[in-house]
Amino acid sequence: MPHPRRLPQQYALVDGNNFFVSCERVFDPGLEGRPVVVLSNNDGCAVARSDEAKALGIRMGAPYFQIRELLARHGGVALSSNYVLYGDMSRRMMSVVAHYSPEQEVYSIDECFLRFAGFGHWDLTAHARRLRAQVRQWTGIPVGVGIGPSKTLAKLANHLAKKHPDFREGGVCNLQDLAPWHQIRYLSEVDVGEVWGVGPRWAARLGELGIHSAQDLRQADPETLRRRFSVVLERTIRELNGLSCIPLEEAPPARQQIIASRSFGHPVIAKAELLEAVSTYAARAAVRLRRDGLAAGAIQVYLATNPFIPGEPQYHPATLLGFAAPTADTARLIQAARAGLGRIFKPGYRYKKAGVMLVDLLPAGVRQGELFEVGGEPRQERRGRLLEALDSLNARMGRGTLRFAAEGVAQSWGMRRERLTAGYTTDWDGLAVARG
DNA sequence: TCTGGGGTCCTAGGACCC
DNA sequence: TCTGGGGTCCTAGGACCC
């Protein structure tokens, strides 16, 4: 097998270390050196952990009620997630990183890929070290950088940069710097489940076939594994061998669906409360729909009981309602969501979660089937202006300032968020104060 | 008492059509 | 005894990602 050494293109994966925790630490240095976790919605489970929290054995996704004691014993802190803050810090981090390559794909809130084509004469390792120092200096966020000839290898190098003692110090791992036998050694130390695209299920099945490490997978036969798994795994094997199959996506692909759902702060029994909840979710989804310039052809409404309670009667219904013409109108979406709930609601269950999903999304300009709509164009336009005003007011004054009556006022079913930090970067009242 | 939310893609199988 | 075959579309389920 030909070994890729210095290929015409290289990819870097840059990601924030323990991103949510790092964001919180930027604004509260008192969190430095202590075990810190950031909790999911509803203060349900740990979604980000500081190194100190990881050292205590706190797993990703660990339920808060199971780790609260442990954390307290070690002087630890748990925080509710503050997505407005993380989103703002993310934009700052991404804009600094963007200076280091003309091609950037923002892959998630805390990571991005860079592509280096025509950088053959560059020392990418030194380039990555400068990037890392500058992001740290300008945003306060520590990042790791992995470099390789495919996105999968860049991810893997990033894993080594953060986890392997040989690289952790510098926070940069460039596979180009390693001789082939050296690469084999490192890839043999990485569990196959750490490879991008291999989850727990596949890792277990691969283990049964004697494939335990990233190196084992790299040497496996792509054709055989395509038949036993899917083309996705075949592609991963080729990527591990330095053949780039997953292109950089600079522009986000067209959105396929919009989901708005939440677990409730406590079990909900009353239909009236569920009606408020699905109305609120429909309104929230509608805002995102309009922000992206889309209209929905159908809406799905679903309910769920709590699967974690042993012996609890379970019920997970869903129903899909189509629109005569695609719509982005909050009132229509709420109306459909309520109708959908009416179809699936059964009394006697303790509901834990509800949600709506908007599907069959089209650009809002594309109007089909308008023939059968009542009201015609002038009415539609007035409606559009009203919704624009609603969106811009809520964007300025805060979500929920102006809302539809169906969404309810008290929202007693709402989520818990008891450990929230301030909007340090997005809210005047949350500005950090320097004392001296 | 207490266990997140929001996405994508692939595959298998059934319906339907000619 | 014996009961076509191939293409397309849709959906549900299962896997993955952060």
Side-chain angles (χ1 to χ4, degrees), chain A residues 13 15-16 18-20 37-48 58-69 71 78 80-83 86-87 90 105-113 151-152 155 158-159 192-206 225-236 239 245-246 249 252-267 281 284-285 288-289 292 297-298 300 302 304-310 312 316 318-320 322 350 352-361 414-419:
Chain A
L13 181 83
D15 78 340
N18 315 328
F19 184 68
F20 297 168
V37 302
V38 172
L39 302 171
S40 63
N41 286 313
N42 265 319
D43 296 343
C45 50
V47 292
I58 295 175
R59 295 179 339 277
M60 184 69 173
Y64 178 45
F65 72 90
Q66 285 176 9
I67 58 173
R68 188 161 26 196
E69 289 286 309
L71 211 50
S80 300
S81 37
N82 186 343
Y83 285 103
Y86 311 148
S90 171
E105 172 186 343
V106 175
Y107 178 66
S108 74
I109 192 163
D110 73 329
E111 62 191 294
C112 65
F113 288 100
K151 286 166 92 174
T152 302
K155 272 275 209 186
N158 178 278
H159 174 80
V192 73
E194 300 289 348
V195 174
W196 190 40
V198 179
R201 298 289 164 88
W202 285 6
R205 279 176 60 196
L206 287 166
L225 290 194
R226 179 181 57 194
R227 269 181 272 116
R228 301 183 86 132
F229 292 79
S230 83
V231 296
V232 176
L233 190 60
E234 180 194 23
R235 206 174 50 188
T236 297
E239 283 246 323
C245 307
I246 307 174
E249 288 175 10
R255 192 194 275 288
Q256 305 294 308
Q257 55 182 222
I258 293 173
I259 296 174
S261 77
R262 282 287 181 281
S263 297
F264 304 130
H266 60 81
Y281 304 154
R284 242 176 244 172
R288 280 149 62 193
L289 191 65
D292 290 1
Q300 186 180 321
Y302 56 92
T305 47
N306 189 342
F308 291 105
I309 299 179
E312 177 89 2
H316 298 96
T319 186
L320 184 73
R350 292 152 52 83
K352 178 61 181 166
K353 182 175 179 174
V356 305
M357 190 190 312
L358 306 183
V359 294
D360 295 347
L361 306 185
M415 65 177 179
R416 283 190 305 273
R417 231 178 154 205
E418 291 164 358
R419 326 191 57 81

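Just so we're on the same page: letters track the sequence lines, and every chain starts at 1.
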Item to check | By side chain to side chain donor-acceptor pair (under 3.5 Å) - contacts of Glu111(A) (at least two apart) | outcome: Ser108(A), Lys155(A)

Checklist entry - What are the two closest non-hydrogen atoms of Ile258(A) and Leu361(A), and how far apart are they? => result CG1-CD1, 4.1 Å

Next on the checklist: Looking at every heavy atom in both Ala78(A) and Leu39(A), which two are closest together, and how far apart are they?
Outcome noted: CB-CD1, 4.0 Å

Checklist entry - Just the dot-bracket of DNA chain C, please: which string comes out with Watson-Crick or G-U pairs under 3.5 Å, [ ] for crossing, | for another strand? => result ....||||||||||||||

Next on the checklist: For the CZ atom on Arg288(A), are there more than 12 heavy atoms of other groups (residues, nucleotides or ligands in this structure) within a distance under 6.0 Å?
Outcome noted: yes

Next on the checklist: For Arg228(A), I'd like to know if atom CZ has over 12 heavy atoms of other residues, nucleotides or ligands within 6.0 Å.
Outcome noted: no

Heavy atoms under 4.0 Å, any strand shown: does [X] hit a base, just sugar-phosphate, or nothing?
X	result
Arg255(A)	sugar-phosphate
Pro252(A)	nothing
Val195(A)	sugar-phosphate
Ala260(A)	sugar-phosphate

Next on the checklist: If you assign each of Phe308(A) and Arg226(A) to its closest nucleotide in DNA chain B, which residue comes earlier from the 5' end?
Outcome noted: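 It is Phe308(A) whose nearest nucleotide is closer to the 5' end.
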
Next on the checklist: Pick the closest DNA chain B nucleotide for Pro267(A) and for Ser261(A) by heavy atoms, then say which residue is nearer the 5' end.
Outcome noted: Pro267(A)

Checklist entry - Pick from Val192(A), Thr236(A), Val232(A): which one makes a side chain to side chain contact (heavy atoms under 4.5 Å, CB included) with Trp202(A)? => result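 Of the listed options, the one satisfying the test is Val232(A).
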
Checklist entry - Parallel, tilted or perpendicular: which describes the rings of Tyr281(A) and Phe264(A), with under 30° parallel and over 60° perpendicular? => result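 Aromatic pair Tyr281(A)/Phe264(A) classed parallel.
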
Checklist entry - Within 45° of the six-membered ring axis of Phe65(A) and under 6.0 Å from that ring's centre, is NZ or CZ of Arg68(A) located there? => result no

Item to check | Counterpart residues, ring pair (Phe, Tyr, Trp, His ring centres under 6.0 Å), relative to Tyr83(A) (two or more places apart) | outcome: Phe20(A), Tyr86(A)

Checklist entry - Does Ser40(A) use its side chain to pair, donor to acceptor, with the backbone of Val47(A) at less than 3.5 Å? => result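 Checking the backbone N and O of Val47(A) against the side chain of Ser40(A), no donor-acceptor pair under 3.5 Å is found.
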
Checklist entry - Listed in order of residue number, which residues of residues 105-113 of chain A have a non-hydrogen atom at under 4.0 Å from DNA chain C? => result Tyr107(A), Ser108(A), Asp110(A), Glu111(A)

Next on the checklist: Going 5' to 3' along DNA chain C, which are the first and last nucleotides with any atom under 4.0 Å from a heavy atom of chain A?
Outcome noted: dA15(C) to dC18(C)

Item to check | Partners passing salt bridge (Lys or Arg N to Asp or Glu O under 4.0 Å) against Asp110(A) (at least two apart in sequence or in another chain) | outcome: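 Residues passing salt bridge (Lys or Arg N to Asp or Glu O under 4.0 Å) with Asp110(A): none at all.
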
Next on the checklist: Taking only the C1' atom of each, what is the distance from dC17(B) to dG4(C) in whole angstrom?
Outcome noted: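 Their C1' atoms lie roughly 14 Å apart.
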
